[in-house]
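Shown next, in C-alpha coordinates, is the structure this report addresses.
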Amino acid sequence: MAKPQFFLFLLLFLFLTHQSLQQQQQQISAADLAALHDIRNSLRDLPHSDFFSTWDFAAPNPCSTFTGLLCSPDPSATATPLLRVTSLTLGTGLAGSPGLVGSLTPALSNLTALTQIVLYSGFVSGSIPPQLGTLKNLRVISLTNNRLSGPIPCSLSTLPNLHTLDLSGNQLGGPVPASLTRLPSLKVLILASNHLSGELPNVTTQLLHLDLKNNRFSGLLPSMPLSLRYLSLCKNEMWGPLNVLVRLSELVYLDLSMNSFSGSIPESLFRPTLSSLLLQRNNLSGGVPRTLADDATLYGEGSIVDLSHNILSGELSPVLAGVEILFLNSNRLIGIVPDEYVRSVSVGSMKTLYLQHNYLSGFPLEPGSPPLPDSASLCLSYNCMVPPIGTMTCPANAGGLFSRPAYQCQAIHRGNAD
Ligand SMILES: *[C@@H]1O[C@H](CO)[C@@H](O)[C@H](O)[C@H]1NC(C)=O
Ligand SMILES: *[C@@H]1O[C@H](CO)[C@@H](O)[C@H](O)[C@H]1NC(C)=O
Ligand SMILES: *[C@@H]1O[C@H](CO)[C@@H](O)[C@H](O)[C@H]1NC(C)=O
(Lines give C-alpha, C1' and ligand atoms only; values in the text may rest on other atoms or scores of the structure.)
(Ligands and ions follow the chains in the order given, each with its own letter.)
Protein backbone atom coordinates (compact mmCIF):
# COMPACT_ATOMS: atom_id res chain seq x y z
CA MET A 1 0.00 0.00 0.00
CA ALA A 2 2.91 2.34 0.68
CA LYS A 3 4.35 1.94 -2.80
CA PRO A 4 2.44 4.55 -4.78
CA GLN A 5 3.05 7.07 -2.04
CA PHE A 6 6.74 6.25 -2.04
CA PHE A 7 6.98 6.89 -5.76
CA LEU A 8 5.13 10.12 -5.33
CA PHE A 9 7.62 11.24 -2.73
CA LEU A 10 10.51 10.14 -4.90
CA LEU A 11 9.18 12.13 -7.82
CA LEU A 12 8.64 15.16 -5.64
CA PHE A 13 12.16 14.79 -4.22
CA LEU A 14 13.71 14.52 -7.67
CA PHE A 15 11.70 17.48 -8.85
CA LEU A 16 12.71 19.65 -5.90
CA THR A 17 16.41 18.74 -6.04
CA HIS A 18 16.38 19.38 -9.76
CA GLN A 19 14.86 22.79 -9.14
CA SER A 20 17.27 23.81 -6.41
CA LEU A 21 20.22 22.56 -8.46
CA GLN A 22 19.02 24.68 -11.33
CA GLN A 23 18.72 27.69 -9.02
CA GLN A 24 22.21 27.11 -7.69
CA GLN A 25 23.64 26.70 -11.15
CA GLN A 26 22.10 29.97 -12.15
CA GLN A 27 24.48 32.78 -11.37
CA ILE A 28 23.57 36.30 -10.45
CA SER A 29 24.69 38.79 -13.06
CA ALA A 30 28.09 40.33 -12.32
CA ALA A 31 26.71 43.85 -12.63
CA ASP A 32 23.99 43.13 -10.07
CA LEU A 33 26.52 41.57 -7.71
CA ALA A 34 28.76 44.64 -7.97
CA ALA A 35 25.78 46.90 -7.28
CA LEU A 36 24.83 44.83 -4.22
CA HIS A 37 28.38 45.26 -2.90
CA ASP A 38 28.02 49.01 -3.27
CA ILE A 39 24.60 49.04 -1.59
CA ARG A 40 26.03 47.01 1.28
CA ASN A 41 28.91 49.48 1.66
CA SER A 42 26.66 52.54 1.71
CA LEU A 43 24.22 51.31 4.36
CA ARG A 44 24.52 49.61 7.72
CA ASP A 45 22.29 48.32 10.48
CA LEU A 46 21.65 50.54 13.46
CA PRO A 47 22.28 48.83 16.82
CA HIS A 48 19.52 46.20 17.40
CA SER A 49 18.74 45.92 13.70
CA ASP A 50 20.02 42.85 11.87
CA PHE A 51 18.94 43.21 8.29
CA PHE A 52 22.37 42.70 6.73
CA SER A 53 23.33 39.61 8.76
CA THR A 54 22.42 37.36 5.81
CA TRP A 55 24.34 39.41 3.25
CA ASP A 56 27.41 37.17 3.04
CA PHE A 57 29.21 37.79 -0.24
CA ALA A 58 31.13 34.52 0.16
CA ALA A 59 27.88 32.57 -0.23
CA PRO A 60 27.37 31.02 -3.68
CA ASN A 61 24.05 32.61 -4.60
CA PRO A 62 22.91 35.92 -3.04
CA CYS A 63 19.51 35.48 -4.68
CA SER A 64 18.66 32.58 -2.42
CA THR A 65 20.46 33.73 0.74
CA PHE A 66 20.27 37.52 1.06
CA THR A 67 17.30 38.93 2.94
CA GLY A 68 15.33 41.41 0.86
CA LEU A 69 16.20 40.13 -2.61
CA LEU A 70 13.98 38.59 -5.24
CA CYS A 71 15.57 37.49 -8.49
CA SER A 72 14.37 36.18 -11.84
CA PRO A 73 16.20 34.75 -14.82
CA ASP A 74 17.07 37.46 -17.28
CA PRO A 75 14.43 37.15 -20.02
CA SER A 76 16.71 38.78 -22.58
CA ALA A 77 19.46 36.16 -22.16
CA THR A 78 19.19 32.80 -23.97
CA ALA A 79 21.65 29.96 -23.23
CA THR A 80 22.25 29.97 -19.45
CA PRO A 81 20.15 32.85 -18.20
CA LEU A 82 21.69 34.87 -15.40
CA LEU A 83 19.63 35.83 -12.37
CA ARG A 84 18.70 39.48 -12.11
CA VAL A 85 17.52 41.29 -9.00
CA THR A 86 13.89 42.28 -9.61
CA SER A 87 12.87 43.34 -6.11
CA LEU A 88 14.98 44.93 -3.39
CA THR A 89 13.68 45.52 0.13
CA LEU A 90 16.08 47.32 2.47
CA GLY A 91 15.38 46.95 6.17
CA THR A 92 13.13 44.47 7.93
CA GLY A 93 10.14 46.71 8.58
CA LEU A 94 9.72 44.89 11.90
CA ALA A 95 8.17 46.91 14.69
CA GLY A 96 10.89 47.90 17.15
CA SER A 97 13.69 47.52 14.61
CA PRO A 98 15.51 50.86 14.36
CA GLY A 99 16.38 50.24 10.71
CA LEU A 100 19.31 51.30 8.59
CA VAL A 101 21.61 54.30 8.44
CA GLY A 102 23.75 55.61 5.58
CA SER A 103 22.70 56.75 2.14
CA LEU A 104 21.22 55.46 -1.11
CA THR A 105 23.98 54.81 -3.60
CA PRO A 106 23.61 55.73 -7.30
CA ALA A 107 24.77 52.13 -7.95
CA LEU A 108 21.13 51.12 -7.30
CA SER A 109 20.60 52.10 -10.90
CA ASN A 110 22.86 49.23 -12.02
CA LEU A 111 20.12 46.81 -10.93
CA THR A 112 18.48 47.39 -14.30
CA ALA A 113 15.89 44.61 -13.95
CA LEU A 114 14.47 46.13 -10.75
CA THR A 115 10.68 46.43 -10.65
CA GLN A 116 10.35 47.31 -6.98
CA ILE A 117 12.49 49.07 -4.39
CA VAL A 118 11.42 49.43 -0.77
CA LEU A 119 13.27 51.12 2.10
CA TYR A 120 11.74 50.65 5.52
CA SER A 121 11.85 53.13 8.43
CA GLY A 122 15.28 54.14 9.61
CA PHE A 123 17.81 56.94 9.51
CA VAL A 124 18.96 56.81 5.90
CA SER A 125 19.90 60.33 4.81
CA GLY A 126 21.15 62.19 1.76
CA SER A 127 19.26 62.64 -1.46
CA ILE A 128 17.32 60.25 -3.67
CA PRO A 129 19.70 59.28 -6.48
CA PRO A 130 18.37 60.79 -9.72
CA GLN A 131 19.81 57.72 -11.45
CA LEU A 132 16.75 55.75 -10.24
CA GLY A 133 15.04 57.42 -13.19
CA THR A 134 16.94 55.10 -15.54
CA LEU A 135 15.26 51.95 -14.13
CA LYS A 136 12.54 51.69 -16.75
CA ASN A 137 10.98 48.56 -15.24
CA LEU A 138 10.29 50.13 -11.85
CA ARG A 139 6.67 49.82 -10.78
CA VAL A 140 7.03 50.57 -7.07
CA ILE A 141 9.30 53.03 -5.26
CA SER A 142 8.67 53.17 -1.52
CA LEU A 143 11.32 55.02 0.49
CA THR A 144 9.46 55.98 3.66
CA ASN A 145 10.17 57.32 7.16
CA ASN A 146 13.88 58.00 6.86
CA ARG A 147 15.89 61.22 6.68
CA LEU A 148 16.04 61.64 2.92
CA SER A 149 16.45 65.27 1.92
CA GLY A 150 16.85 67.38 -1.20
CA PRO A 151 14.37 67.57 -4.06
CA ILE A 152 12.22 64.89 -5.64
CA PRO A 153 14.33 64.06 -8.71
CA CYS A 154 12.63 65.12 -11.94
CA SER A 155 14.12 62.01 -13.52
CA LEU A 156 11.48 59.89 -11.76
CA SER A 157 8.98 61.48 -14.14
CA THR A 158 10.39 59.39 -16.97
CA LEU A 159 9.49 55.99 -15.50
CA PRO A 160 6.83 54.66 -17.85
CA ASN A 161 5.70 51.81 -15.58
CA LEU A 162 5.76 53.55 -12.20
CA HIS A 163 2.53 52.66 -10.40
CA THR A 164 3.31 53.63 -6.79
CA LEU A 165 5.60 56.36 -5.51
CA ASP A 166 5.70 56.67 -1.72
CA LEU A 167 8.33 59.03 -0.28
CA SER A 168 6.40 59.93 2.88
CA GLY A 169 8.01 60.75 6.20
CA ASN A 170 11.30 62.23 5.02
CA GLN A 171 12.77 65.73 4.80
CA LEU A 172 12.33 66.30 1.09
CA GLY A 173 11.98 69.91 -0.02
CA GLY A 174 11.10 71.93 -3.08
CA PRO A 175 8.12 71.52 -5.37
CA VAL A 176 6.37 68.49 -6.83
CA PRO A 177 7.83 68.22 -10.36
CA ALA A 178 4.93 68.96 -12.72
CA SER A 179 6.02 66.14 -14.98
CA LEU A 180 5.50 63.66 -12.12
CA THR A 181 1.77 64.26 -12.15
CA ARG A 182 1.63 63.29 -15.81
CA LEU A 183 3.23 59.83 -15.46
CA PRO A 184 1.04 57.49 -17.48
CA SER A 185 0.96 54.51 -15.09
CA LEU A 186 1.01 56.32 -11.74
CA LYS A 187 -1.90 55.33 -9.49
CA VAL A 188 -0.61 56.01 -5.98
CA LEU A 189 1.37 59.14 -5.05
CA ILE A 190 2.25 59.61 -1.38
CA LEU A 191 4.53 62.49 -0.45
CA ALA A 192 3.06 63.13 3.01
CA SER A 193 5.10 64.52 5.92
CA ASN A 194 7.99 66.17 4.14
CA HIS A 195 8.98 69.84 3.72
CA LEU A 196 7.61 70.18 0.19
CA SER A 197 6.36 73.58 -0.88
CA GLY A 198 5.13 75.67 -3.77
CA GLU A 199 1.90 75.38 -5.70
CA LEU A 200 0.61 72.02 -6.82
CA PRO A 201 0.71 71.25 -10.52
CA ASN A 202 -2.46 70.11 -12.27
CA VAL A 203 -2.72 66.33 -12.08
CA THR A 204 -3.55 64.66 -15.37
CA THR A 205 -2.57 61.05 -14.70
CA GLN A 206 -5.36 58.65 -13.64
CA LEU A 207 -4.38 58.64 -9.96
CA LEU A 208 -6.44 56.72 -7.40
CA HIS A 209 -4.65 57.86 -4.25
CA LEU A 210 -3.00 61.22 -3.61
CA ASP A 211 -1.64 61.96 -0.13
CA LEU A 212 0.30 65.21 0.29
CA LYS A 213 -0.61 65.95 3.89
CA ASN A 214 1.71 67.67 6.32
CA ASN A 215 3.85 69.71 3.93
CA ARG A 216 4.02 73.41 3.08
CA PHE A 217 2.07 73.51 -0.15
CA SER A 218 0.34 76.79 -0.91
CA GLY A 219 -2.02 78.17 -3.52
CA LEU A 220 -5.27 76.94 -5.01
CA LEU A 221 -6.45 73.38 -5.50
CA PRO A 222 -5.08 72.09 -8.80
CA SER A 223 -7.29 70.26 -11.23
CA MET A 224 -7.40 66.56 -10.42
CA PRO A 225 -8.38 63.40 -12.29
CA LEU A 226 -11.93 62.04 -11.99
CA SER A 227 -10.48 58.65 -11.05
CA LEU A 228 -9.32 59.90 -7.63
CA ARG A 229 -10.67 57.95 -4.64
CA TYR A 230 -8.43 59.18 -1.81
CA LEU A 231 -7.22 62.75 -1.42
CA SER A 232 -5.44 64.25 1.57
CA LEU A 233 -3.98 67.75 1.63
CA CYS A 234 -4.36 68.08 5.39
CA LYS A 235 -1.97 70.48 7.15
CA ASN A 236 -0.72 72.64 4.32
CA GLU A 237 -1.09 76.34 3.55
CA MET A 238 -3.59 76.14 0.71
CA TRP A 239 -6.49 78.50 0.13
CA GLY A 240 -9.32 79.29 -2.28
CA PRO A 241 -12.63 77.59 -3.07
CA LEU A 242 -13.39 73.88 -3.27
CA ASN A 243 -15.21 74.00 -6.65
CA VAL A 244 -12.73 71.80 -8.49
CA LEU A 245 -13.76 68.89 -6.25
CA VAL A 246 -17.32 68.86 -7.55
CA ARG A 247 -16.52 66.53 -10.43
CA LEU A 248 -14.57 63.99 -8.35
CA SER A 249 -17.44 61.56 -7.98
CA GLU A 250 -15.26 58.55 -7.08
CA LEU A 251 -13.88 60.09 -3.87
CA VAL A 252 -14.43 58.03 -0.75
CA TYR A 253 -11.91 59.87 1.46
CA LEU A 254 -11.29 63.61 1.45
CA ASP A 255 -9.13 65.40 4.01
CA LEU A 256 -8.47 69.10 3.45
CA SER A 257 -8.32 69.96 7.14
CA MET A 258 -5.96 72.58 8.56
CA ASN A 259 -5.63 74.84 5.54
CA SER A 260 -7.25 78.18 4.66
CA PHE A 261 -9.86 77.04 2.16
CA SER A 262 -12.84 79.36 1.93
CA GLY A 263 -16.24 79.73 0.32
CA SER A 264 -19.07 77.25 0.72
CA ILE A 265 -18.78 73.47 0.71
CA PRO A 266 -20.05 72.17 -2.64
CA GLU A 267 -23.32 70.27 -2.12
CA SER A 268 -22.03 67.27 -4.05
CA LEU A 269 -19.45 66.60 -1.33
CA PHE A 270 -22.31 65.60 0.94
CA ARG A 271 -22.88 62.08 -0.28
CA PRO A 272 -22.67 58.85 1.71
CA THR A 273 -20.18 57.26 -0.69
CA LEU A 274 -17.75 59.97 0.38
CA SER A 275 -17.73 58.45 3.83
CA SER A 276 -14.77 60.38 5.28
CA LEU A 277 -15.21 64.12 4.82
CA LEU A 278 -12.63 66.04 6.84
CA LEU A 279 -12.71 69.80 6.31
CA GLN A 280 -12.05 71.04 9.83
CA ARG A 281 -10.00 74.14 10.61
CA ASN A 282 -10.48 76.09 7.41
CA ASN A 283 -12.42 79.24 6.63
CA LEU A 284 -15.48 77.59 5.07
CA SER A 285 -18.79 79.39 5.18
CA GLY A 286 -22.39 78.76 4.15
CA GLY A 287 -24.42 75.78 5.29
CA VAL A 288 -24.99 72.08 4.81
CA PRO A 289 -27.67 71.15 2.22
CA ARG A 290 -31.06 70.04 3.61
CA THR A 291 -31.27 67.04 1.25
CA LEU A 292 -28.71 64.75 -0.37
CA ALA A 293 -27.99 64.98 -4.06
CA ASP A 294 -28.51 61.23 -4.21
CA ASP A 295 -31.10 60.69 -1.51
CA ALA A 296 -31.50 56.97 -2.21
CA THR A 297 -28.76 56.18 0.34
CA LEU A 298 -27.90 57.53 3.77
CA TYR A 299 -24.70 57.92 5.70
CA GLY A 300 -24.05 54.83 7.76
CA GLU A 301 -21.62 52.86 9.86
CA GLY A 302 -17.99 53.92 9.54
CA SER A 303 -18.81 57.39 8.24
CA ILE A 304 -17.04 60.44 9.65
CA VAL A 305 -17.74 64.09 8.90
CA ASP A 306 -15.63 66.78 10.53
CA LEU A 307 -16.53 70.38 9.66
CA SER A 308 -15.45 71.84 13.00
CA HIS A 309 -13.62 75.17 13.35
CA ASN A 310 -15.05 76.90 10.30
CA ILE A 311 -17.61 79.69 9.94
CA LEU A 312 -20.58 77.57 8.87
CA SER A 313 -23.98 79.11 9.52
CA GLY A 314 -27.65 78.17 9.35
CA GLU A 315 -29.43 75.26 11.04
CA LEU A 316 -28.22 71.69 11.39
CA SER A 317 -29.15 69.60 8.38
CA PRO A 318 -31.01 66.30 8.89
CA VAL A 319 -28.83 64.93 6.09
CA LEU A 320 -25.97 64.28 8.53
CA ALA A 321 -28.11 62.37 11.05
CA GLY A 322 -26.79 58.97 9.91
CA VAL A 323 -23.12 59.86 10.31
CA GLU A 324 -21.34 57.74 12.93
CA ILE A 325 -18.81 60.38 14.01
CA LEU A 326 -19.87 63.98 13.48
CA PHE A 327 -17.94 67.12 14.46
CA LEU A 328 -19.68 70.45 13.86
CA ASN A 329 -18.24 72.29 16.85
CA SER A 330 -16.87 75.84 16.66
CA ASN A 331 -19.04 77.21 13.87
CA ARG A 332 -21.97 79.65 13.80
CA LEU A 333 -24.79 77.13 13.68
CA ILE A 334 -28.18 78.13 15.07
CA GLY A 335 -31.57 76.56 15.77
CA ILE A 336 -32.67 73.43 17.57
CA VAL A 337 -30.81 70.14 17.10
CA PRO A 338 -33.01 68.02 14.76
CA ASP A 339 -34.92 65.07 16.27
CA GLU A 340 -33.11 62.79 13.79
CA TYR A 341 -29.80 63.56 15.54
CA VAL A 342 -31.20 62.83 18.99
CA ARG A 343 -32.67 59.55 17.74
CA SER A 344 -29.35 58.49 16.14
CA VAL A 345 -27.50 59.17 19.39
CA SER A 346 -30.18 57.28 21.38
CA VAL A 347 -30.02 54.14 19.25
CA GLY A 348 -26.21 54.28 19.22
CA SER A 349 -25.71 54.69 15.47
CA MET A 350 -24.24 58.16 16.01
CA LYS A 351 -21.33 57.56 18.36
CA THR A 352 -19.86 61.07 18.50
CA LEU A 353 -21.74 64.34 18.16
CA TYR A 354 -19.73 67.46 18.95
CA LEU A 355 -21.74 70.66 18.72
CA GLN A 356 -19.98 72.84 21.30
CA HIS A 357 -19.18 76.47 20.54
CA ASN A 358 -22.11 77.25 18.27
CA TYR A 359 -25.35 79.20 18.79
CA LEU A 360 -27.75 76.25 19.05
CA SER A 361 -30.86 76.87 21.09
CA GLY A 362 -32.16 73.42 22.04
CA PHE A 363 -31.58 69.68 22.24
CA PRO A 364 -35.01 68.00 22.15
CA LEU A 365 -34.51 65.24 24.69
CA GLU A 366 -38.01 64.59 26.00
CA PRO A 367 -38.46 64.30 29.75
CA GLY A 368 -38.74 60.64 30.70
CA SER A 369 -37.08 59.40 27.50
CA PRO A 370 -34.46 56.68 28.07
CA PRO A 371 -30.99 57.96 28.93
CA LEU A 372 -28.53 58.33 26.09
CA PRO A 373 -26.09 55.41 25.83
CA ASP A 374 -22.95 55.71 27.97
CA SER A 375 -20.86 55.00 24.90
CA ALA A 376 -22.08 58.16 23.13
CA SER A 377 -19.80 61.19 23.07
CA LEU A 378 -22.03 64.22 23.05
CA CYS A 379 -20.94 67.79 23.66
CA LEU A 380 -23.25 70.80 23.65
CA SER A 381 -21.37 73.25 25.81
CA TYR A 382 -21.13 76.96 24.96
CA ASN A 383 -24.34 77.22 22.98
CA CYS A 384 -27.48 79.28 23.50
CA MET A 385 -29.11 76.73 25.79
CA VAL A 386 -28.66 75.01 29.08
CA PRO A 387 -27.52 71.53 28.03
CA PRO A 388 -29.81 68.72 29.27
CA ILE A 389 -28.52 67.15 32.48
CA GLY A 390 -26.28 64.12 32.03
CA THR A 391 -25.69 64.55 28.34
CA MET A 392 -22.26 66.06 28.44
CA THR A 393 -19.13 64.19 27.48
CA CYS A 394 -17.05 67.04 26.18
CA PRO A 395 -13.39 66.93 25.22
CA ALA A 396 -11.02 68.58 27.69
CA ASN A 397 -10.51 71.60 25.44
CA ALA A 398 -14.24 72.44 25.15
CA GLY A 399 -13.93 74.80 28.12
CA GLY A 400 -15.88 74.78 31.30
CA LEU A 401 -18.62 77.19 30.26
CA PHE A 402 -21.99 75.54 29.91
CA SER A 403 -23.76 78.29 27.98
CA ARG A 404 -22.80 81.20 25.82
CA PRO A 405 -23.43 84.70 27.20
CA ALA A 406 -26.94 85.84 26.31
CA TYR A 407 -25.82 89.00 24.51
CA GLN A 408 -23.85 86.89 21.98
CA CYS A 409 -26.92 84.77 21.33
CA GLN A 410 -29.11 87.79 20.79
CA ALA A 411 -26.56 89.33 18.45
CA ILE A 412 -26.32 86.30 16.16
CA HIS A 413 -30.07 85.87 15.98
CA ARG A 414 -30.49 89.53 15.11
CA GLY A 415 -27.72 89.13 12.53
CA ASN A 416 -29.42 86.11 11.03
CA ALA A 417 -32.78 87.86 10.84
CA ASP A 418 -31.28 90.75 8.87
C1 LIG B 1 27.54 50.65 -12.50
O2 LIG B 1 27.58 50.52 -13.89
C3 LIG B 1 28.52 51.39 -14.52
C4 LIG B 1 28.38 51.25 -16.02
O5 LIG B 1 28.09 49.95 -16.39
C6 LIG B 1 29.92 51.05 -14.03
O7 LIG B 1 30.86 51.93 -14.60
C8 LIG B 1 29.95 51.20 -12.52
O9 LIG B 1 31.22 50.81 -12.03
C10 LIG B 1 28.88 50.36 -11.87
N11 LIG B 1 28.87 50.65 -10.46
C12 LIG B 1 28.80 49.69 -9.57
C13 LIG B 1 28.90 50.12 -8.15
O14 LIG B 1 28.60 48.54 -9.85
C1 LIG C 1 -4.63 74.00 -14.24
O2 LIG C 1 -5.88 73.79 -14.84
C3 LIG C 1 -6.74 74.91 -14.79
C4 LIG C 1 -8.05 74.53 -15.43
O5 LIG C 1 -8.50 73.32 -14.98
C6 LIG C 1 -6.12 76.10 -15.50
O7 LIG C 1 -6.96 77.23 -15.35
C8 LIG C 1 -4.76 76.38 -14.89
O9 LIG C 1 -4.13 77.40 -15.60
C10 LIG C 1 -3.90 75.13 -14.92
N11 LIG C 1 -2.66 75.41 -14.23
C12 LIG C 1 -1.49 75.16 -14.77
C13 LIG C 1 -0.30 75.49 -13.93
O14 LIG C 1 -1.37 74.66 -15.85
C1 LIG D 1 -12.09 84.01 5.99
O2 LIG D 1 -13.18 84.35 5.15
C3 LIG D 1 -13.67 85.65 5.36
C4 LIG D 1 -14.86 85.87 4.45
O5 LIG D 1 -15.66 84.74 4.39
C6 LIG D 1 -12.57 86.68 5.09
O7 LIG D 1 -13.04 87.97 5.36
C8 LIG D 1 -11.35 86.36 5.95
O9 LIG D 1 -10.29 87.21 5.59
C10 LIG D 1 -10.92 84.92 5.75
N11 LIG D 1 -9.86 84.62 6.69
C12 LIG D 1 -8.78 83.93 6.38
C13 LIG D 1 -7.80 83.69 7.45
O14 LIG D 1 -8.60 83.48 5.25
Side-chain angles (χ1 to χ4, degrees), residues 27-44 52 55 57 61-63 66 68-69 71 74 76-77 82-86 88 90 100 102-114 117 119 124 126-138 152-155 157 174-184 186 189 191 196-207 210 212 215-228 231 233 236-251 256 259 261 263 266 268-269:
Q27 291 297 308
I28 187 168
S29 92
D32 281 10
L33 190 62
L36 291 175
H37 264 291
D38 217 62
I39 292 164
R40 177 66 189 92
N41 290 337
S42 59
L43 293 169
R44 61 180 194 280
F52 280 120
W55 284 45
F57 285 90
N61 186 0
C63 285
F66 285 23
L69 287 197
C71 303
D74 188 347
S76 63
L82 292 168
L83 290 175
R84 302 297 317 274
V85 178
T86 52
L88 176 65
L90 296 166
L100 307 178
S103 62
L104 296 176
T105 165
L108 283 165
S109 64
N110 285 14
L111 301 173
T112 55
L114 213 53
I117 176 168
L119 170 65
V124 176
S127 55
I128 298 172
Q131 293 85 344
L132 287 184
T134 62
L135 298 174
K136 297 302 178 213
N137 297 314
L138 271 181
I152 298 172
C154 288
S155 60
S157 312
V176 176
S179 45
L180 197 62
T181 56
R182 295 196 287 264
L183 269 177
L186 198 64
L189 179 58
L191 305 173
L196 298 165
S197 60
E199 300 194 3
L200 293 177
N202 285 340
V203 183
T204 55
T205 182
Q206 294 299 301
L207 278 186
L210 178 60
L212 304 178
N215 278 288
R216 296 171 192 157
F217 293 118
S218 57
L220 304 172
L221 284 172
S223 73
M224 280 170 285
L226 305 186
S227 53
L228 208 58
L231 173 62
L233 296 169
N236 278 286
E237 295 156 18
M238 298 182 69
W239 65 80
L242 305 186
N243 311 350
V244 302
L245 301 174
V246 167
R247 295 168 64 238
L248 303 184
S249 57
E250 300 294 316
L251 277 183
L256 303 181
N259 280 280
F261 291 112
S268 66
L269 294 184

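We count ligands from 1, going down the list as the structure has it; atoms in each ligand are counted the same way.
- Shown here, atom 14 (O) of ligand 1 is in close reach of the protein: a heavy atom of it lies under 4.0 Å off.
- Interface atoms of ligand 1 facing A107, defined by a heavy-atom separation under 4.0 Å, are 13 (C).
- Between N259 and F217, the closest side-chain pair of non-hydrogen atoms is not below 4.5 Å.
- The single protein non-hydrogen atom nearest to atom 6 (C) of ligand 2 is N202 ND2, 4.2 Å, given as residue, atom name and distance.
- Between F66 and W55, the closest heavy-atom pair is CD2-CD2, 3.4 Å.
- Distances from atom 11 (N) of ligand 2 to the protein include at least one heavy-atom value under 4.0 Å.
- Looking from atom 1 (C) of ligand 1 to the surrounding protein, the closest heavy atom is N110 ND2, 1.5 Å.
- Inside a 4.0 Å radius of atom 8 (C) of ligand 2 there is at least one protein heavy atom.
- Summarising the geometry of W239 relative to S218, their closest heavy-atom pair is CZ3-CB, 3.8 Å, with the distance given to 0.1 Å.
- There is no protein heavy atom closer than 4.0 angstrom to atom 4 (C) of ligand 1.
- The two residues P225 and L248 have their closest heavy-atom pair at O-CD2, 3.2 Å.
- Among the candidates L104, N110, L108, the single residue satisfying the side chain to side chain contact (heavy atoms under 4.5 Å, CB included) test with I39 is L108.
- In this structure, L200 and L233 have side chains that are in contact, with non-hydrogen atoms separated by less than 4.5 Å.
- Residue D38 places no N or O, backbone or side chain, under 3.5 Å from any N or O of ligand 1.
- In this structure the side chain of L245 reaches within 4.5 angstrom of the side chain of M224, judged on heavy atoms.
- Taking every non-hydrogen atom of A34 and a distance limit under 4.0 Å, the qualifying atoms of ligand 1 come out as 14 (O).
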